[in-house]
Amino acid sequence: MINLITAPRGTYDIMPDRALVWQWMESTIRQVLLSYGYGEIRTPIFEHTELFQRGIGETTDIVEKEMYTFADQGKRSITLRPEGTAPVVRAYIEHKLYGVAPVTKLFYLGPMFRQERPQAGRFRQFHQFGVEMIGAESPVADAEVILLAHDLYHQLGLTDLEIHLNSVGCAQCRQAYKTALTSTLEAVADELCTTCRLRLDRNPLRLLDCKSPSCQAAVSKVPPIQDYLCPDCDHHFKGVLALLDQVKVKYKLSPKLVRGLDYYSRTVFEIINHDLGAQNALCGGGRYDGLVEACGGPAVPGVGFASGIERLLTTLEQKGKLPELSGAPQLFVLPLGEQLTAVAFELATSLRRQGFFVELGNGTKSLKAQLKSAHKSGAALTVIIGEDEWQAQQVTVKIMGDGSQKRIAAAELQKEIASLISPLGKKYQ
RNA sequence: GUGGGCGUAGCUCAGCUGGUUAGAGCGCCAGGUUGUGGCCCUGGAGGUCGAGGGUUCAAAUCCCUUCGUUCACCCCA
């Protein structure tokens, strides 16, 4: 074995059994989001690099060190999408959706790419679904988006997750808070960790959720951001909380939750599963009132979230909420001897055209070996075509569950099968 | 990018302080039944012990390097 080529670091193959779970997951998500009035949008997997630089923010970790960026043959700088919001906003502007309706509700689902060191719950190619409600300013929109995430998880059977909430204010009040942070913390700059010292003038808000004890101690001297919210932002945030209270959804206020993307304003939130390991956020999102304008569109507000599908699957698995899914055929057609292979092939084809899921046995193998395959395949019924019965234009139908079987005329087979099972697929000619 | 754990059969793993042809369970294939699966029994195939180098009479075992993987930090879904 020389130079075995494996899937690149941080990527993985979804094998057939697992793909069943993904299909279920994706269709469940789509169904719920459609029922909440969101339309699916499928944007390209790659975009012009500038979109993310402008949209996510030059000083974010994603843009600084995590993007898969390359020059295409026309020397354009291209980046595999690291997140979904910026592309959706780009498409929203490009298709002038702001002129179609005051509020646009979109969702996406697909792979994202970030060049980080993999660990539990983190991959280089991972999958997210997310919703974006663009054009709505009211706290109702924030609450609705949070509720959507909450209800979707609930529908999947996840009822004990924590919602963490905060407001990071608008550009004005955030600036006031940043100034307060910087002036207080500069005095104790030597107590901060090296990255936080850099953050001090680059992105002081990020100091808040640093885990280093000394940084935590320093930060605790600064009053929470709530104290700096302007009246409008304060009112907005309280409005969101009141709506959540009204529908009796529990949340935790996390004054230190700031999130890493530059575009957030006012409401930010995360939904956490503590059993997930270090990367425990199932979804994260918030309001991004300045983003559409920053990307070259009109000054319309927006709110949304992104949810990690791998983490969702892990959580469902942990809590035993994944459904039992089977890719098993319904019927196993078993030719006894090579000379009957063509007959079996014809029968299998005809049954498939009626919508049955059919597996065909290998006629060169013994009955015993083929029955073993049939058993392993999970088929409910096995149709045995052997010399004896075929000479009399008969076949044997065996019910795998209890082992019972009977010989019937080949002409009666369709009727016999129909009396036992119904096709899982569609009939076609 | 930094730090720790782990790389032995398809899978999960044993293999003590270096010592003959490297093992188990499961899985796979075949047989026990000239045409009957699941349970049982018997047999078989399958490993250059991640790779490279070093120490030694002798290395899966000790040392170095490297690659992969995993967990954590940073950050995030």
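Predicted model only: the values in this text are computed from it and were never measured. The figures that follow rest on heavy atoms only: side chains count, while hydrogens, waters and symmetry mates do not.
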d(CZ, A:Arg114; C1', B:C74) in whole Å:
14 Å
Residues at least two apart in sequence or cross-chain that pass side-chain contact (heavy atoms from CB on, under 4.5 Å) with A:Ser265, listed by chain then number, are A:Arg174, A:Arg287, A:Asp289
Given atom CD of A:Glu64 and atom C1' of B:C74, what is their separation to the nearest angstrom?
12 Å
Distance-minimising heavy-atom pair for A:Ala328 and A:Phe357
O-CD2, 4.4 Å
Writing each nucleotide of RNA chain B 5' to 3' as (, ), [, ], | or . by Watson-Crick or G-U pairing under 3.5 Å yields (((((((..((((.....[...)))).(((((.......))))).....(((((..]....))))))))))))....
Pick one: which of A:Leu165, A:Asn166, A:Val240 meets side chain to side chain contact (heavy atoms under 4.5 Å, CB included) with A:Phe269?
A:Leu165
Does some side-chain heavy atom of A:His375 sit less than 4.5 Å from a side-chain heavy atom of A:Phe332?
no
Contacting residues from residues 301-337 of chain A, given that a heavy atom lies under 4.0 angstrom of RNA chain B:
A:Ala306, A:Gly308, A:Arg311, A:Leu336
Taking only residues at least two apart or on different chains, which pairs with a member in residues 36-60 of chain A satisfy ring-ring contact (aromatic ring centres under 6.0 Å, His included)?
none
Provide, to the nearest angstrom, the distance between the CD atom belonging to A:Glu270 and the C1' atom belonging to B:A77.
9 Å
Rounded interatomic separation in angstrom, taking CD1 from A:Ile62 and P from B:C74:
16 Å
Distance between the C1' atoms of B:A22 and B:U8, in whole angstroms?
8 Å
What heavy-atom pair brings A:Ser326 and A:Leu20 nearest, and what distance separates the two atoms?
C-CD1, 3.8 Å
List the atom of A:Arg124, the atom of A:Pro118, and the distance in Å for their closest heavy-atom pair.
NE-CD, 4.3 Å
Tell me what A:Gly121 touches on the nucleic acid: a base, only sugar-phosphate, or nothing, going by heavy atoms under 4.0 Å.
base
Suppose you measure atom C1' in B:A24 against the same atom in B:G15; what distance do you get, rounded to whole Å?
10 Å
Name the nucleic acid region contacted by A:Met112, choosing base, sugar-phosphate or nothing; use a 4.0 angstrom heavy-atom cut-off, strictly under.
nothing
For A:Thr341, what residues pass the side-chain contact (heavy atoms from CB on, under 4.5 Å) criterion, not counting sequence neighbours?
A:Pro335, A:Glu338
Side chain of A:Leu371 (C-beta onward), nearest among B:C73, B:A77, B:U36
B:U36
Can you list, in residue-number order, the parts of residues 34-55 of chain A that come under 4.0 Å of RNA chain B, counting heavy atoms only?
none
Side chain proximity check, A:Tyr177 to A:Val168, heavy atoms < 4.5 angstrom:
no
Closest approach of A:Pro255 and A:Ile225, non-hydrogen atoms and distance?
O-CG2, 4.2 Å
With hydrogens left out and only the distance checked, is there a donor-acceptor pair under 3.5 Å joining A:Gln405's side chain and the base of B:U36?
yes
Euclidean distance for P, B:C49 against B:G31 (whole angstrom)
33 Å
B/S/- contact track for nucleotides 4-9 of chain B, protein heavy atom under 4.0 Å:
------
Rounded distance in Å - CD1 (A:Ile272) to P (B:A77)
11 Å
Rounded C1' spacing from B:G50 to B:U56 in Å:
23 Å
If you assign A:Cys283 and A:Ala7 each to the RNA chain B nucleotide with the nearest heavy atom, which residue ends up on the more 5' nucleotide?
A:Ala7
Ignoring backbone atoms, establish whether A:Gln119 has a side-chain N or O less than 4.0 Å from OP1 or OP2 of B:A72.
yes
Audit row: A:Leu316, A:Met25, side chain to side chain contact (heavy atoms under 4.5 Å, CB included) steps and yes/no:
CA-CA 10 Å; A:Leu316 288 167; A:Met25 181 87 259; 4.0 Å; yes
Write down the distance separating the C1' atoms in B:A30 and B:U69, rounded off to the nearest Å.
36 Å
When rounded to whole Å, the NZ to C1' distance for the pair A:Lys376 and B:C28 reads 7 Å
C1'-based separation of B:U21 from B:G47 [nearest Å]
14 Å
Show me the side-chain donor-acceptor pairs of residues 414-421 of chain A shorter than 3.5 Å, one per line, residues at least two apart or across chains.
residue	atom	partner	partner atom	Å
A:Gln414	OE1	A:Gln354	NE2	2.5
A:Lys415	NZ	A:Glu412	OE1	3.2
A:Glu416	OE2	A:Lys406	NZ	3.4
A:Ser419	OG	A:Glu416	O	2.6

Quick one: A:Arg9 CZ to B:C67 C1', roughly how many Å, whole number?
10 Å
Kindly write out the residues that satisfy side-chain contact (heavy atoms from CB on, under 4.5 Å) with A:Glu26, not counting sequence neighbours, or none if the list is empty.
A:Trp22, A:Arg30, A:Leu109
Which residues share a side-chain contact (heavy atoms from CB on, under 4.5 Å) with A:Phe123, sequence neighbours left out
A:Tyr12, A:Phe126, A:Glu310
Between A:Leu147 and A:Leu244, is there a side-chain heavy-atom distance shorter than 4.5 Å?
yes
Between B:G18 and B:U61, how many Å separate the two P atoms, rounded to a whole number?
11 Å
What do the steps show when you test A:Glu317 against A:Arg18 for salt bridge (Lys or Arg N to Asp or Glu O under 4.0 Å), and what is the final call?
CA-CA 12 Å; A:Glu317 211 153 33; A:Arg18 193 65 181 169; 3.0 Å; yes
Under 3.5 Å, N/O pairs linking protein and nucleotides 39-43 of chain B:
none

How close do A:Ile93 and A:Val292 get, heavy atom to heavy atom, and via which atoms?
CD1-O, 3.4 Å
Can you confirm whether A:Ile163 sits close enough to A:Ile271 that some side-chain heavy atom of one is under 4.5 Å from a side-chain heavy atom of the other?
yes
Partner of A:Phe107 under side chain to side chain contact (heavy atoms under 4.5 Å, CB included), chosen from A:Val32, A:Ile41, A:Leu148, A:Leu34:
A:Leu34
Please report the distance, rounded to the nearest Å, between CD1 in A:Ile5 and C1' in B:A51.
16 Å
So A:Gly10, base contact, sugar-phosphate only, or nothing? Heavy-atom distance under 4.0 Å.
nothing
Classify A:Ile384 by what it touches in the nucleic acid, base, sugar-phosphate, or nothing, heavy-atom distance under 4.0 Å.
base
Between A:Tyr153 and A:Ser307, do the side chains contain a donor N or O and an acceptor N or O under 3.5 Å apart?
yes
Reckon A:Ala281 touches a base, only the sugar-phosphate, or nothing at all at heavy-atom distances under 4.0 Å?
sugar-phosphate
Identify, residue by residue, the members of residues 387-399 of chain A with a heavy atom below 4.0 Å from RNA chain B, and return them in order of residue number, or none.
A:Glu387, A:Asp388, A:Glu389, A:Lys398
I want to confirm an ordering. Mapping A:Lys372 and A:Ala369 to their closest nucleotides on RNA chain B, which one lands closer to the 5' end?
A:Ala369
Suppose you measure atom P in B:U70 against the same atom in B:C28; what distance do you get, rounded to whole Å?
27 Å
